[in-house]
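For ligands, and for the atoms within them, numbers begin at 1 and follow the listed sequence.
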Amino acid sequence: MNETDMKLVVVGAAGRMGQTLIRIIHETAGVRLHAAIERTGSPFIGRDAGELAGAGPMGVAVTDKPLEAFVEAEGVLDFTAPAATVEFAGLAAQARIVHVVGTTGCSADDEARIRAAARHARVIKSGNMSLGVNLLGMLTEKAARALPAGGWDIEILEMHHKHKVDAPSGTALLLGEAAARGRGIDLADHSVRVRDGHTGARPEGSIGFATLRGGSVIGEHSVVIAGEGEMVTLSHSATDRSIFARGAVAAALWGRSRKPGFYSMLDVLGLD
Ligand SMILES: NC(=O)C1=CN([C@@H]2O[C@H](COP(=O)(O)OP(=O)(O)OC[C@H]3O[C@@H](n4cnc5c(N)ncnc54)[C@H](OP(=O)(O)O)[C@@H]3O)[C@@H](O)[C@H]2O)C=CC1
Ligand SMILES: O=C(O)C1=N[C@H](C(=O)O)C[C@H](O)C1
């Protein structure tokens, strides 16, 4: 441990991503686990966070006191749920720390509240923290720009594990936004999120989404650009959650020297 290590809090510490984040912090130079948070009443309160994550004892007990943890820390890594993330955004703003948000499924109102907190906190939010998906976003934007709407139809397909609660995935929406940017259109006005029954023919220029759920799939995403007699498919497969956790830790370290504001992984990775 080093005095200059960035002190990080993991909220949702017992979750799939929370445990992965604790393991990655443990093996990454320049950061250390300062606190681990779960909700009041969680059976994990009081447990050693390192043991919970399968990394061995770390001497950090899981608590339900986020503000106490935030005021002594430099950053919080948040892969929880929209209502929790909105609350943590307010606390991170009070504590003036870095807030890395991986939570997906946020409503427009949640998004506005998180952005408001970015007046005081350094918020880095992305539907996917991996390098590969952010590169895929860039490639999608370029392909959508090069292949015009009259003749080329964009569909985004995703599959995740059976426990996932939001759809389309944050990544699918990130890719949809990238495609819409490439086409110079607003995604909200052109997306088709569900098809059922007699839908009529596909509206030209729309961006369609299809969702699969099952088993333990970590994250599969494809951008299909279908033309007459040919089809281009750009895709990404996640085989280990550590890709998201490494991205989140890199984002926290990047945010340490930034001014308050709202940033994305494209800023962190220098891809924007
Ligand atoms: N951006 C990215 O790169 C990625 C984003 N994600 C997103 O991260 C989120 C979490 O995913 P995952 O880890 O699989 O989900 P889990 O359900 O496994 O973990 C979420 C954790 O957050 C806890 N939690 C919820 N509310 C609170 C609260 N108010 N205070 C403290 N803890 C709370 C949950 O506790 P409880 O069970 O008691 O509710 C749970 O332990 C999802 O939105 C997912 O889409 C996931 C992977 C990558
Ligand atoms: O819930 C998940 O697991 C994941 N969520 C993110 C999303 O909604 O895209 C990122 C990743 O695909 C895993």
Show the short N or O contacts, below 3.5 Å, that ligand 1 makes with protein N or O atoms; if there are none, say 'none'.
residue: ligand 1; atom: 1 (N); partner: Gly102; partner atom: O; Å: 3.1
residue: ligand 1; atom: 1 (N); partner: Ser126; partner atom: O; Å: 3.0
residue: ligand 1; atom: 1 (N); partner: Gly127; partner atom: O; Å: 3.2
residue: ligand 1; atom: 3 (O); partner: Met129; partner atom: N; Å: 2.9
residue: ligand 1; atom: 13 (O); partner: Arg16; partner atom: N; Å: 3.4
residue: ligand 1; atom: 13 (O); partner: Met17; partner atom: N; Å: 2.8
residue: ligand 1; atom: 14 (O); partner: Arg16; partner atom: NE; Å: 2.9
residue: ligand 1; atom: 18 (O); partner: Arg16; partner atom: N; Å: 2.8
residue: ligand 1; atom: 18 (O); partner: Arg16; partner atom: NH2; Å: 3.4
residue: ligand 1; atom: 26 (N); partner: Arg39; partner atom: NH2; Å: 3.4
residue: ligand 1; atom: 35 (O); partner: Glu38; partner atom: OE1; Å: 3.2
residue: ligand 1; atom: 38 (O); partner: Arg39; partner atom: NE; Å: 3.0
residue: ligand 1; atom: 39 (O); partner: Arg39; partner atom: NE; Å: 3.4
residue: ligand 1; atom: 39 (O); partner: Arg39; partner atom: NH2; Å: 2.6
residue: ligand 1; atom: 41 (O); partner: Gly15; partner atom: N; Å: 3.3
residue: ligand 1; atom: 41 (O); partner: Glu38; partner atom: OE2; Å: 2.6
residue: ligand 1; atom: 43 (O); partner: Thr104; partner atom: N; Å: 3.0
residue: ligand 1; atom: 43 (O); partner: Thr104; partner atom: OG1; Å: 3.2
residue: ligand 1; atom: 45 (O); partner: Thr104; partner atom: OG1; Å: 2.5
residue: ligand 1; atom: 45 (O); partner: Lys164; partner atom: NZ; Å: 2.9

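Closer than 4.0 angstrom to ligand 2 sit non-hydrogen atoms from Thr104, Gly127, Asn128, His160, His161, Lys164, Ser169, Gly170, Thr171, Ile218, His221, Phe244.
Of the candidates Leu33, Leu77, Leu8, Leu21 forms a side chain to side chain contact (heavy atoms under 4.5 Å, CB included) with just one, namely Leu77.
Between Glu38 and Arg47 there is no salt bridge, since no side-chain N of the basic residue sits under 4.0 Å from a carboxylate O of the acidic one. Using a cut-off of 4.0 Å between Lys/Arg side-chain N and Asp/Glu carboxylate O, Glu87 and Arg113 are scored as not salt-bridged. Electrostatic pairing of Glu74 and Arg122 does not count as a salt bridge here, judged by no charged N lying under 4.0 Å from a carboxylate O.
Ring pair Phe70/Phe88 is tilted by interplanar angle, where 30° to 60° counts as tilted.
In summary, the aromatic rings of His221 and His160 are positioned with their centroids under 6.0 Å apart.
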Show which side-chain atoms of residues 58-65 pair as donor or acceptor with protein atoms under 3.5 Å away, not counting sequence neighbours.
residue: Thr63; atom: OG1; partner: Lys65; partner atom: N; Å: 3.2
residue: Asp64; atom: OD2; partner: Thr40; partner atom: OG1; Å: 3.2

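Considering only residues two or more places apart in sequence or on other chains, Arg119 meets the salt bridge (Lys or Arg N to Asp or Glu O under 4.0 Å) condition with none of them.
At least one donor-acceptor pair closer than 3.5 Å links the side chain of Lys7 to the backbone N or O of Glu72.
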